[in-house]
Amino acid sequence: MKIDVVTLFPEMFDGPLGHSIVSRAIDKGLVEVNRVNFRQFGKGKHQVVDDTPYGGGAGMLLKPDPLFEAMESIETRERETKKRVILMDPAGKPFNQAMAEDFSKEEHLVFLCGHYEGYDERIRSLVTDEVSLGDYVLTGGELAAMVMIDASVRLLPSALGNASSAETDSHSSGLLEHPHYTRPAEYKGMKVPDVLMSGNHAKIDEWRHRESLKRTFFRRPDMLEKRELTQQEKQWITEFETENSDEESLF
Ligand code: ADE
């Protein structure tokens, strides 16, 4: 996969691209990430990339020409690839795991990161997707792009050490992930559930499924509205409604 990030702050990406799974995916050649500083396409001696809005109003807008020229430079370098051009925008479609899965299957992703009050509207003609990280406003699109790159790159085949771990992630199955435990079996009076040490894999799978459902039921009931529940899951939910659960106290 190829990724281009079009940004005024390329150094911001040093941290996330230089560590852990994303850095390893780059080293393994699974993904190539280029940063394009569109300041280089800014106008005049000061390489200006912003201007005041027509019609008046507060703040500055990103001019169309530097971003169009940045996109042309990518197109010239990578003529052959099919590109998904993703505009970081708090007014875009909210990012989620399904989008990360979709992005991870693409040949070439281009993330456009804005700053200031917004963009000249004509920039939207360059893009295939407008995506928001969530319902809040960041100082720019860079943090949003970093999150989307991280969530997408870890899903590339062989990016994760353990191939099955992406499939059991919270959100990928439509349920939150069940609790996990490692040694010691008891710590400060808190015990690992017996079933996990029983060696009975059918029972362990059942326990994990039930705990995933329980966590989702108490923390994110909205996720269950989109899910067709099995008879077993419906039965467990009636049990949760009468059980005392630790999950409830957090939310
Ligand atoms: N730019 C500023 N805020 C943003 C958000 N929430 N998502 C994506 N890009 C942004």
_Can a donor-acceptor pair be found, under 3.5 Å and without considering hydrogens, that links the side chain of Thr128 to the backbone of Val85?_
yes
*May I ask you to check whether Gln235 and Glu239 show a side-chain donor-acceptor distance below 3.5 Å?*
yes
_Pairwise side-chain contact, Ser158 with Leu30, heavy-atom cut-off 4.5 Å (strictly under)_ = yes
*Drop me the distance from Tyr181's OH to Met190's CE, to the nearest 0.5 angstrom.*
9.5 Å
*For the residue pair His171 and Asn96, confirm or rule out a side-chain donor-acceptor distance under 3.5 Å.*
no
*Report yes if some heavy atom in the side chain of Pro16 is under 4.5 Å from a heavy atom in the side chain of Ile149; otherwise report no.*
no
*Got Phe68 and Leu126 here, is their nearest side-chain heavy-atom distance under 4.5 Å?*
yes
*State, with a plain yes or no, whether a side-chain heavy atom of Arg84 is found less than 4.5 Å away from one of Val110.*
no
*asked:* Could you check whether any side-chain heavy atom of Leu61 comes within less than 4.5 Å of a side-chain heavy atom of Asp51, counting everything from C-beta outward?
replied: no
*asked:* For Glu241, I'd like to know if atom CD has over 12 heavy atoms of other residues, nucleotides or ligands within 6.0 Å.
replied: yes
*asked:* Does atom CD (Glu186) have a neighbourhood of more than 12 heavy atoms from anything else shown, all under 6.0 Å?
replied: yes
_Are there over 12 heavy-atom neighbours, none belonging to Arg122, within less than 6.0 Å of that residue's CZ?_
no
*Mind running salt bridge (Lys or Arg N to Asp or Glu O under 4.0 Å) on Arg154 and Asp169 for me, showing each step along the way?*
CA-CA 11 Å; Arg154 68 185 285 284; Asp169 283 342; 2.7 Å; yes
*Other residues, nucleotides, ligands: >12 heavy atoms within 6.0 Å of Lys203 NZ*: no
*Counting only heavy atoms not in Lys28, do more than 12 fall under 6.0 Å of its NZ?*
yes
*Run the numbers on Ile237 and Phe217 for side-chain contact (heavy atoms from CB on, under 4.5 Å), then give the verdict.*
CA-CA 8 Å; Ile237 283 176; Phe217 176 75; 3.7 Å; yes
*Salt-bridged, Glu75 to Lys83, with N to O below 4.0 Å?*
yes
*Between Arg208 and Glu211, is the closest basic N to carboxylate O distance under 4.0 Å?*
no
*CG of Asp222: more than 12 outside heavy atoms within 6.0 angstrom?*
yes
*Parallel, tilted or perpendicular: which fits the ring planes of Phe103 and Phe111, with parallel below 30° and perpendicular above 60°?*
perpendicular
*asked:* Can you see whether Thr7 engages Glu142 through a side-chain donor-acceptor pair at a distance of less than 3.5 angstrom?
replied: yes
*Are any side-chain N or O atoms of Arg35 and backbone N or O atoms of Pro10, one a donor and one an acceptor, separated by less than 3.5 Å?*
yes
*asked:* Taking Lys214 first and then Glu243, would you say they form a salt bridge - that is, a charged N and a carboxylate O separated by under 4.0 Å?
replied: yes
*Check the pair Glu107, Lys2 against salt bridge (Lys or Arg N to Asp or Glu O under 4.0 Å), reporting the backbone distance first and the verdict last.*
CA-CA 6 Å; Glu107 183 182 6; Lys2 288 190 193 312; over 6 Å; no
*asked:* Would you compute the distance between atom CD1 of Ile3 and atom CD1 of Ile26 and round it to the nearest 0.5 angstrom?
replied: 8.0 Å
*Distance in Å, Leu112 CG paired with Asp89 CG, rounded so as to fall on 0.5 Å steps*: 10.5 Å
*Is the closest side-chain donor-acceptor distance between His178 and Ser212 under 3.5 Å?*
no
*Side chains of Val5 and Val36: closer than 4.5 Å at any heavy-atom pair?*
no
*asked:* Could you tell me if the side chain of Phe9 sits less than 4.5 Å from the side chain of Asn37, heavy atoms only?
replied: no
*Within the distance-only criterion (no hydrogens, no angle test), does the side chain of Asp129 pair as donor or acceptor with the backbone N or O of Val131 below 3.5 angstrom?*
no
*asked:* With rounding to the nearest 0.5 angstrom, report the CZ to CG distance, Phe218 to Leu213.
replied: 10.0 Å
*Passes salt bridge (Lys or Arg N to Asp or Glu O under 4.0 Å), Glu225 versus Arg220? Steps please.*
CA-CA 10 Å; Glu225 283 161 23; Arg220 292 291 307 276; over 6 Å; no
*Kindly check if the number of other-residue, nucleotide or ligand heavy atoms within 6.0 Å of CG (Asp14) is above 12?*
yes
*Got Pro193 and Trp207 here, is their nearest side-chain heavy-atom distance under 4.5 Å?*
yes
*Any luck finding a side-chain donor-acceptor pair between Glu233 and His209 under 3.5 Å?*
yes
